[in-house]
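Okay, structure first, notes after.
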Protein chains: 2
Amino acid sequence: MAKTDTHMTMRVVNHIRSMIESGGLQPGDRIPPEREFARKLRISRASLRTGIGYLAAMGVMDVRHGVGTFVADGPPEIGKSSLSLLGALHGFQSWQMFEARRILESELAALAAERGHEHHFAALSEEVAEMYATVGNAMEYLIHDIRFHRVIAQASGNPILAALMETITSALYDERRKTAERSRDLKESADLHREIYRAIRTRNAAEARAVMKRHLAMAQSAQDLEAMAGEPKSDARTRKGRPRPAEV
Amino acid sequence: MAKTDTHMTMRVVNHIRSMIESGGLQPGDRIPPEREFARKLRISRASLRTGIGYLAAMGVMDVRHGVGTFVADGPPEIGKSSLSLLGALHGFQSWQMFEARRILESELAALAAERGHEHHFAALSEEVAEMYATVGNAMEYLIHDIRFHRVIAQASGNPILAALMETITSALYDERRKTAERSRDLKESADLHREIYRAIRTRNAAEARAVMKRHLAMAQSAQDLEAMAGEPKSDARTRKGRPRPAEV
DNA sequence: GTATTCTAGTGGTCGGACCTCTCGAAGGTC
DNA sequence: GACCTTCGAGAGGTCCGACCACTAGAATAC
């Protein structure tokens, strides 16, 4: 994009980037201690830290106090921590997040039906069973709910879409964690998950997509109702969507 | 997520976050000079800078050397700069990016057909005309191509989906900017864009989605062919997708 | 009036001191 | 021997204070 060489920050980022791209640095690997690494790169420790901080903010590095700095392991995250902040800044509406989720997850379900493997199906089945077993405990239920959707994302075979979904859903939970569902809803919810599972297992992509869409629409309206009952204040952040001119 | 109060970084982030959420800080606004702000927050300038750097990396703040630090203006960006890095790290395949783009943009087109306003249609029409006028110049053509898709994203009325699309497409351009199309392809491409435009203008969501999907599928296979011809090296980053256990 | 130079203000870099956290090693206790 | 406690090396976190580099507008020169 830019000079890519002037700012120390970018020098660090590019250096690490090339180490990653060349395969010299893999997820889970550790980079040298700051003092040593700074000496090697011929920059100050402060500058090195700036660069590392940048990478950490993007989810590429994992800095552990007293231990060391590592290349991020685990599933990729795309702007997971930034979304809620950006939401506050740009006034994202929760229906927009739900819409994004609906689109992503329904396609994810369809892909899972097409590409899922037997172990995915088994995991889904497991979670559905657990959901039925915990309809009386919203807390427990939620765990399996989340896992169910996560397994579908993995089964889709597209880590990018999975990461995007993760970003959206985590922001959504963030927004209102308090909404405690009632048992009756949970039973219904479990039924729908079971339907989704069946559609995926029978590799019926269209059906999987449709049921997932239905499930999420239902979840949304349930949350909307609760939210309305809970806090009838008209959202303070209402901002008229200034029709921004089509910019390049 | 965490203590949210121990680390200086988070103290800064939370402070600014609350300023944003309370409406005291709007896009484009400027925060106090570092020295002054640090004094006010009773922390060192270095720590303040760490926090600001974090926010800047997430696209929330815009730091301008010699000028000041501002709350990001312009359209929201979700992990735009991180995707290519994450891609290198997790070995994202380009077909996966295309698939994500196909899904996002086809739904975006459908939404645009449902919700677009007259000025969006006018802008789309404008870009289509420009595309036809520049089929002989791939460089120029590309600009209008990008704008066309961007207008659709705006017309969808969902800034979150628009931001996600922007993230994917920018990473895609990043990956192979060199692929210069031939004029014949451009003419075909322009025709498809015209079809998309018409579907949207006539508020035919299903048609818009379908044509967009077709357009992107075509674009993908075109790039694949060029890529294959250009660099027949088998991707070095092949990694067996260790079936990670479904974690919470 | 225009072009050049200066300068105040702001972010960027430095290095080097000191604090805090983690984890394993070394001892001590039962 | 198994377990708990203590300790210390090594790593990141914070701070300070000085100085560098960039930007924009004011002052000056022509």
Side-chain angles (χ1 to χ4, degrees), chain A residues 1-17 19-20 25-74 81, chain B residues 1-17 19-20 25-74 81:
Chain A
M1 295 285 193
K3 304 296 162 301
T4 200
D5 256 305
T6 38
H7 297 341
M8 294 295 93
T9 288
M10 284 309 151
R11 210 144 93 191
V12 175
V13 171
N14 286 328
H15 189 267
I16 292 183
R17 168 189 217 109
M19 284 174 78
I20 289 175
L25 220 44
Q26 301 248 329
D29 284 358
R30 176 178 165 174
I31 66 175
E34 296 184 348
R35 291 160 178 87
E36 183 185 328
F37 203 15
R39 212 179 320 124
K40 192 178 338 184
L41 297 187
R42 314 289 187 64
I43 62 179
S44 75
R45 193 181 155 213
S47 294
L48 173 65
R49 278 178 62 74
T50 304
I52 289 177
Y54 182 85
L55 291 167
M58 299 195 315
V60 177
M61 306 289 292
D62 182 13
V63 183
R64 289 187 239 162
H65 189 179
V67 184
T69 303
F70 305 78
V71 177
D73 205 349
S81 52
Chain B
M1 300 278 183
K3 305 296 162 297
T4 200
D5 258 306
T6 36
H7 297 340
M8 293 296 94
T9 290
M10 284 309 150
R11 210 144 95 190
V12 175
V13 171
N14 287 328
H15 189 268
I16 293 183
R17 167 190 219 111
M19 286 174 78
I20 288 175
L25 222 44
Q26 301 250 328
D29 284 358
R30 175 178 164 171
I31 66 175
E34 296 184 349
R35 292 162 177 87
E36 182 185 326
F37 203 15
R39 213 179 317 123
K40 191 178 338 183
L41 296 186
R42 315 289 187 63
I43 61 179
S44 74
R45 193 182 156 212
S47 294
L48 173 64
R49 278 177 62 73
T50 304
I52 289 177
Y54 182 85
L55 291 168
M58 299 196 315
V60 177
M61 305 290 293
D62 183 14
V63 184
R64 288 187 239 161
H65 189 179
V67 183
T69 303
F70 304 79
V71 177
D73 204 349
S81 51

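Protein chains get the first letters and strands the later ones, always in sequence-line order, with residue 1 at the start of each.
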Could you state the atom-to-atom distance from [atom1] of [X] to [atom2] of [N] in whole Å?
X: B/R49; N: D/dG13; atom1: CZ; atom2: P; result: 16 Å
X: A/L48; N: D/dT14; atom1: CG; atom2: P; result: 15 Å
X: A/I43; N: C/dG15; atom1: CD1; atom2: P; result: 10 Å
X: B/F70; N: C/dG11; atom1: CZ; atom2: P; result: 8 Å
X: A/I31; N: D/dG10; atom1: CD1; atom2: P; result: 18 Å
X: A/H7; N: C/dC14; atom1: NE2; atom2: P; result: 13 Å

Nearest-0.5 Å distance, [atom1] of residue [X] to [atom2] of residue [Y]:
X: A/T69; Y: A/F37; atom1: OG1; atom2: CZ; value: 9.5 Å
X: B/K40; Y: B/I31; atom1: NZ; atom2: CD1; value: 10.0 Å
X: A/L55; Y: A/R17; atom1: CG; atom2: CZ; value: 9.5 Å
X: B/I43; Y: B/R49; atom1: CD1; atom2: CZ; value: 12.0 Å
X: A/L41; Y: A/H15; atom1: CG; atom2: NE2; value: 5.0 Å

- Select one nucleotide: of D/dC16, C/dT13, D/dG13, the one nearest the side-chain heavy atoms of A/R45. D/dG13
- Query: Which ones in residues 54-67 of chain A lie close to DNA chain D, meaning a heavy atom under 4.0 Å from one of its atoms?
  - Reply: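 Those residues whose heavy atoms fall under 4.0 Å from DNA chain D, taken from residues 54-67 of chain A in numerical order, are A/V63, A/R64, A/H65, A/G66, A/V67.
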- Message: Contact between B/V12 and B/T50 at the side-chain level, heavy atoms closer than 4.5 Å - yes or no?
- Response: no
- Query: Does B/N14 use its side chain to pair, donor to acceptor, with the backbone of B/M10 at less than 3.5 Å?
  - Reply: yes
- Message: Among residues 32-40 of chain A, which ones have heavy-atom contacts with DNA chain C below 4.0 Å?
- Response: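 Going residue by residue through residues 32-40 of chain A, the ones with a heavy atom under 4.0 Å of DNA chain C turn out to be A/R35.
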- Message: So, using side chain to side chain donor-acceptor pair (under 3.5 Å) as the criterion, who are the partners of A/T9 when residues are at least two apart?
- Response: none
- Query: What nucleic acid atoms does A/R30 come within less than 4.0 Å of, heavy atoms only: base, sugar-phosphate, or nothing?
  - Reply: sugar-phosphate
- Query: Within the structure shown, what part of the strands sits under 4.0 Å from A/T69 by heavy-atom distance: base, sugar-phosphate, or nothing?
  - Reply: sugar-phosphate
- Task: Identify the residue among A/D62, A/D73, A/I20, A/V60 that makes a side-chain contact (heavy atoms from CB on, under 4.5 Å) with A/P27.
- Result: A/D73
- Query: Is the phosphate of D/dC15, meaning OP1 or OP2, less than 4.0 Å from a side-chain N or O of B/S47?
  - Reply: yes
